[in-house]
Amino acid sequence: MTDRERILAAQRGDREAMASLYNTYRLQAYQTALVVLQDPHLADDVVQEAFIRAFREIGRCDPDRPFAPWIARIVINLSRNALRSRRFLPLPARDRHGTLEPRYAASEARVDLWPVLQRLTRAHREVLLLRYFHGFTEPQIAEILGLPVGTVKSRLHAARQAVRRHLNAADEMSGKEMTPDG
């Protein structure tokens, strides 16, 4: 089934179509929430709430448009709300020994940028995640985040520059550590 067919079926109350949409997009939704929140347990909660809301409001979803940007927007908004309501800093997805929890390691192992992403602002993490991890276009990102396309472009540019700065600083640090004079 296509997204359009699944959305239309879900709008008619078809639970199998809803389950299919959930199974197709839950990992992407989770990755989005995790990058924004940096807390695996809160990300799980946000994803569950996002799909509950999405299926309650499935009638508002345009079947002629992709489902991914629609659910991503819900996840981003709920993640932002969760951050605003918290009184403590988010924790990275690591276990008590400081290593990545196994169920998150696979998605983060694609790129060894996790420490760099954690240093970026939430706004920069969001646009990078949506563009490079999920492959959304700039207009789709603008729609998901409720921003003008120009703002998305400038945030992407600034985020890429920040990543470069962090990677260059890390390279310089590792180069200094390798010299005999330290």
Side-chain angles (χ1 to χ4, degrees), residues 1-14 17-40 42-86 90 104 107-108 110-111 113-114 116-164:
M1 288 179 93
T2 65
D3 272 3
R4 183 180 196 288
E5 294 167 332
R6 289 186 289 183
I7 292 166
L8 288 169
Q11 288 174 339
R12 291 188 306 269
D14 183 333
M18 289 180 203
S20 178
L21 287 167
Y22 174 78
N23 289 330
T24 301
Y25 294 105
R26 73 175 174 209
L27 179 59
Q28 180 178 317
Y30 175 78
Q31 290 170 334
T32 301
L34 182 61
V35 167
V36 174
L37 298 166
Q38 298 182 25
D39 179 328
L42 189 55
D44 279 334
D45 292 344
V46 163
V47 168
Q48 292 301 315
E49 178 65 23
F51 277 98
I52 289 168
R53 285 189 185 191
F55 294 138
R56 270 192 214 139
E57 301 293 326
I58 195 71
R60 296 176 62 196
C61 184
D62 183 351
D64 293 324
R65 300 183 76 174
F67 186 77
W70 192 68
I71 192 66
R73 183 174 190 148
I74 295 169
V75 169
I76 293 278
N77 288 338
L78 288 173
S79 296
R80 287 175 174 172
N81 292 343
L83 282 176
R84 279 193 289 272
S85 68
R86 293 175 71 183
Y104 312 114
S107 65
E108 293 164 13
R110 289 185 287 169
V111 181
L113 292 177
W114 186 248
V116 173
L117 290 175
Q118 289 178 303
R119 291 187 180 115
L120 299 178
T121 65
R122 185 200 69 208
H124 288 162
R125 282 195 312 269
E126 288 174 358
V127 294
L128 286 176
L129 168 85
L130 294 170
R131 179 70 184 106
Y132 297 108
F133 285 76
H134 297 315
F136 289 119
T137 64
E138 290 166 351
Q140 287 174 320
I141 296 168
E143 181 181 338
I144 290 166
L145 299 177
L147 298 170
V149 174
T151 301
V152 169
K153 288 180 180 185
S154 66
R155 283 187 185 178
L156 278 168
H157 177 74
R160 285 190 296 261
Q161 286 187 321
V163 167
R164 259 188 231 108

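These figures come from a predicted structure and were not determined experimentally.
- For the atom pair R164 CZ and Q161 CD, the distance stands at 6.5 Å (nearest 0.5 Å).
- Annotation: side chain of I71 is not in contact with side chain of L21 (no heavy-atom distance under 4.5 Å).
- Residues E57 and I74 fail the side-chain proximity criterion, which asks for heavy atoms closer than 4.5 Å.
- Closest of all the heavy-atom pairs between H124 and A158 is NE2-CB, 3.5 Å.
- Residues V127 and L145 meet the side-chain proximity criterion, which asks for heavy atoms closer than 4.5 Å.
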Show the atom names and distances, to 0.1 Å, of all donor-acceptor pairs under 3.5 Å that link a side chain in residues 1-9 to residues at least two apart or in another chain.
residue, atom, partner, partner atom, Å
T2, OG1, R4, N, 3.4
T2, OG1, E5, N, 3.1
D3, OD1, R6, NH2, 2.5
D3, OD1, Y25, OH, 3.0
D3, OD2, Y25, OH, 2.6
D3, OD2, F67, N, 3.3
R4, NE, D64, OD1, 2.8
R4, NH2, D64, OD1, 3.4
E5, OE1, T2, N, 2.8
R6, NH1, S20, O, 3.4
R6, NH1, S20, OG, 2.9
R6, NH1, T24, OG1, 2.7

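- Residues Q140 and P66 form a side-chain contact, since some pair of their non-hydrogen atoms from C-beta on lies under 4.5 Å apart.
- Considering only heavy atoms from C-beta on, L147 comes within 4.5 Å of R155 through its side chain.
- Separation of atoms CZ (R122) and CD1 (I76) is listed at 8.0 Å; rounding is to 0.5 Å.
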Let me see the working for F133 and L128 under side-chain contact (heavy atoms from CB on, under 4.5 Å), right down to the final yes or no.
-> CA-CA 7 Å; F133 285 76; L128 286 176; 5.6 Å; no
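- To the nearest 0.5 Å, atom CG of residue D44 and atom CZ of residue R26 are 11.0 Å apart.
- Nearest approach of V46 to A82, heavy atoms of both residues: CG2-CB, 4.2 Å.
- Counted by atom type alone, Y22 and Q48 present one or more donor-acceptor pairs between their side chains at under 3.5 Å.
- Remark: side-chain polar atoms of R131 are not paired, donor with acceptor, to backbone N or O of E138 under 3.5 angstrom.
- Looking only at side-chain heavy atoms (C-beta outward), D62 and W70 stay at 4.5 Å or farther from each other.
- Counting all heavy atoms, side chain and backbone alike, V75 lies closest to A50 at CG2-CB, 3.6 Å.
- Residues V47 and A33 share a closest heavy-atom pair of CG2-CB, 4.2 Å.
- When every heavy atom of M18 is checked against every heavy atom of A10, the shortest pair comes out as CE-O, 3.4 Å.
- The one candidate from V36, L83, L37 that meets the side-chain contact (heavy atoms from CB on, under 4.5 Å) condition with L42 is L37.
- When side chains are defined from C-beta on, T121 does not count as touching E126, because their heavy atoms never get closer than 4.5 Å.
- Of the possible polar contacts, one joining the H134 side chain to the Q28 backbone as a donor-acceptor pair under 3.5 Å is found.
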